[in-house]
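Report on one structure; see the data block that follows.
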Amino acid sequence: MMAGRGVESKDLYELKSVVNPQFSPDGQSFVYVQTTIDQEMDEYQSQIFYQTIEKDVQPVQWTYGKGKNHSPRWSPNGRELAFVSNRSGKNQIHILSASGGEARQLTFLPSGAINPVWSPDSNTIAFTTSIKSEQSIFDKKEEKKQEKPVPLEVTNMRYKSDASGFWQGDFKQVVTVDVKNGELTQLTDGERDVSLYAWSPDGKYLAVGADLAEDADASFIYDVFLFDISKKEFFSVTDSTGFFGSATFSPDGNYLGMLGHKREFENATHTKIWVYSFQKKEMKCVTTDRNLLVGDFMTGDFHQGATSPGVLWNSDSNGFYFVASEKGNTNFYYSNLHGGIDPVLVGEQHVYGYSIHSESKKALAAISRPTEIGDLYLFSLTGKEGTLEKRTNVNEAFLYETTLSQPEPIVFEGANGWKVHGWLMKPVGFEKGKKYPLLLEIHGGPHMMYGNTYMNEFQILAAKGYAVLYVNPRGSHGYSQEFVDAVRGDYGGNDYQDLMLAVDHVLATYDFIDATRLGVTGGSYGGFMTNWIVGHTDRFKAAVTQRSISNWISFYGVSDIGYYFTEWQIDGDFRDIQKLWKHSPLAYVENVDTPLLILHSEKDFRCPIEQAEQLFIALKRLGKKTKFIRFPEENHELSRSGKPNLRKSRLDYIVGWLEENL
């Protein structure tokens, strides 16, 4: 990689994302999804690529055209590939022959079809689709334009979602389709969403997930069930005491592995691996170390459609592979049925996708690092050193002509003497003896984790001459159960102190930072904390708050998760007005002297835009320096998957505000 220019916001249109590797059943080839951006259409384009495991073999593009082709799944016999495509206007399942030819559309449902799962005999595919409770998949749905607005009748608290908007009375149900003739069979129905996980090796059952509680508004459990396909009956695997999912069968059919927890710390509880024995009819947690967090909890702003396959079983059914998040990394591990855990692929990295071929002891991992956007690697499941082989290099030309900043890890003493971990990025083109402004970045969640992955926003800021500081204050995942739980009921307390002590630490340690030119930004919880910071200190000369919370009192009733999230995180409900106001940044708005840019999406149902409106009006009424940018049609995911032109605009607004005020 030669020394060159830094990353710019317009580079978003040039970068490629690689996700979802899938080994073929014979282990000799694999497929993956590559996403690019069509700048003229202002849309994402996803295509499926095929590659053999032989060295120096170039990938072959298997799908073409406009739209998104994703979720590839090999048939067990290896002859066909199922995938999801929106080429017909809605997501539908398509079939592609491994020997070549045109793809064939298999489903034609009005609400579309997603999540294909093959039967063991390769003759049938199970999938999910949305259906109104009083209808079936065989009811004709008229596709006529609604000429007049109609009222929305609301009877439940969970009537909207940041991901899908207002609830329209439909539920996710499981359906099967015959691969040869397209015949459909609806398996589940009723007024409940059903998640589809896996097909049993004997072909008789599906592992599914659902919440069958009568009062869904008051229920925060999710159970795993066996669904008897012939009898169309549910059989409980879990006991309605926690939140479980991502279930997979062992190859011999004797076990069902899954991810979940008992909600001991509500949404701050560490996810663990559980195994259900069909012979013993008992459930066992096999990752009993409460400080091991199973799953990928890395926060990022680039990859499109990355999914985690959960527990992947060894061919002998005696153990399985998984990823865990720890200290800013997500790494790959093996565990046996007794709970012994062995590292397989560990390092300063973000494993954001994986696939195994147990018989040949090979695995594929999608890996990102701070100066590597993301590619696929082939490696040995034996864990031997030197087996990591890079198989894609999709951003090679871009990385050759640009210079990226390599973060430096830091550890410092936070509030109450707790050790806190973070990173500092020097500006691109750093010159010794020169002073640089510093930007503090704060992640959302709060139960997420910054770490060793590519962050497009951070690289753009480093290219503009900023040192970038990002840390994992208490409340962050990846350190311990105690650490992640410590923020609950203490928003703006020791988490705030951790962040201020992080700034103190780098100012004392690095002489190139200009203490008079400090900025701060963050989104969601990071937006809350940005608002909190500018109401409690004047040390920052510029701030950008994104998709933020400013008022817990109103948030309780307007967010799609407000009533329970507020109770879990702030430890108060609508009757605790004084407590909610105490933790609300809006209560301290008169103290704000830092110029504050407010970025918010119009259709953000997670942190609704009224949170930004209240803050903006209060600041303007008090004569403070502020500006409010509203992004049309976008939701809480703007920075990660919003319209490309709006993602670029967001980055440009951040840079522009910092340049104006720092």
Phe244/Trp274 aromatic ring centres below 6.0 Å: yes

Compute the ring centroids of Tyr255 and Phe320, then answer whether they are less than 6.0 Å apart. no

Checking salt bridge (charged side-chain N to carboxylate O under 4.0 Å, His left out) for the pair Lys390/Glu372: CA distance, chi angles, key distance, verdict? CA-CA 12 Å; Lys390 194 172 186 177; Glu372 181 179 350; 3.7 Å; yes

With a 3.5 Å cut-off and no angle check, do the side chains of [X] and [Y] form a donor-acceptor pair?
{"X": "Thr521", "Y": "Gln546", "answer": "yes"}
{"X": "Asn452", "Y": "Asn329", "answer": "yes"}
{"X": "Asp375", "Y": "Tyr377", "answer": "no"}
{"X": "Ser358", "Y": "Ser315", "answer": "yes"}
{"X": "Thr330", "Y": "Ser325", "answer": "no"}
{"X": "His350", "Y": "Asp296", "answer": "yes"}
{"X": "Thr107", "Y": "Gln92", "answer": "yes"}

Considering only NZ, NE, NH1 and NH2 on the basic side and carboxylate oxygens on the acidic side, decide whether [X] and [Y] come within less than 4.0 Å.
{"X": "Asp162", "Y": "Arg547", "value": "no"}
{"X": "Arg391", "Y": "Glu389", "value": "yes"}
{"X": "Glu8", "Y": "Lys10", "value": "yes"}

Would the distance check show the side chain of [X] and the main-chain N or O of [Y] forming a donor-acceptor pair, the cut-off being under 3.5 Å?
{"X": "Thr238", "Y": "Val224", "answer": "yes"}
{"X": "Thr248", "Y": "Val311", "answer": "yes"}
{"X": "Gln22", "Y": "Trp74", "answer": "no"}

Heavy-atom closest contact (Met258 atom, Gly245 atom, distance):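 Nearest pair, atom of Met258 first, then Gly245: CB-O, 3.4 Å.
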
Does any part of the side chain of Glu634, heavy atoms only, come nearer than 4.5 Å to the side chain of Lys643, both counted from C-beta?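 Side-chain contact under 4.5 Å: yes.
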
For Tyr321 and Tyr354, what are the C-alpha separation, side-chain angles and deciding distance, and is it a ring pair (Phe, Tyr, Trp, His ring centres under 6.0 Å)? CA-CA 10 Å; Tyr321 300 88; Tyr354 51 99; 9.2 Å; no

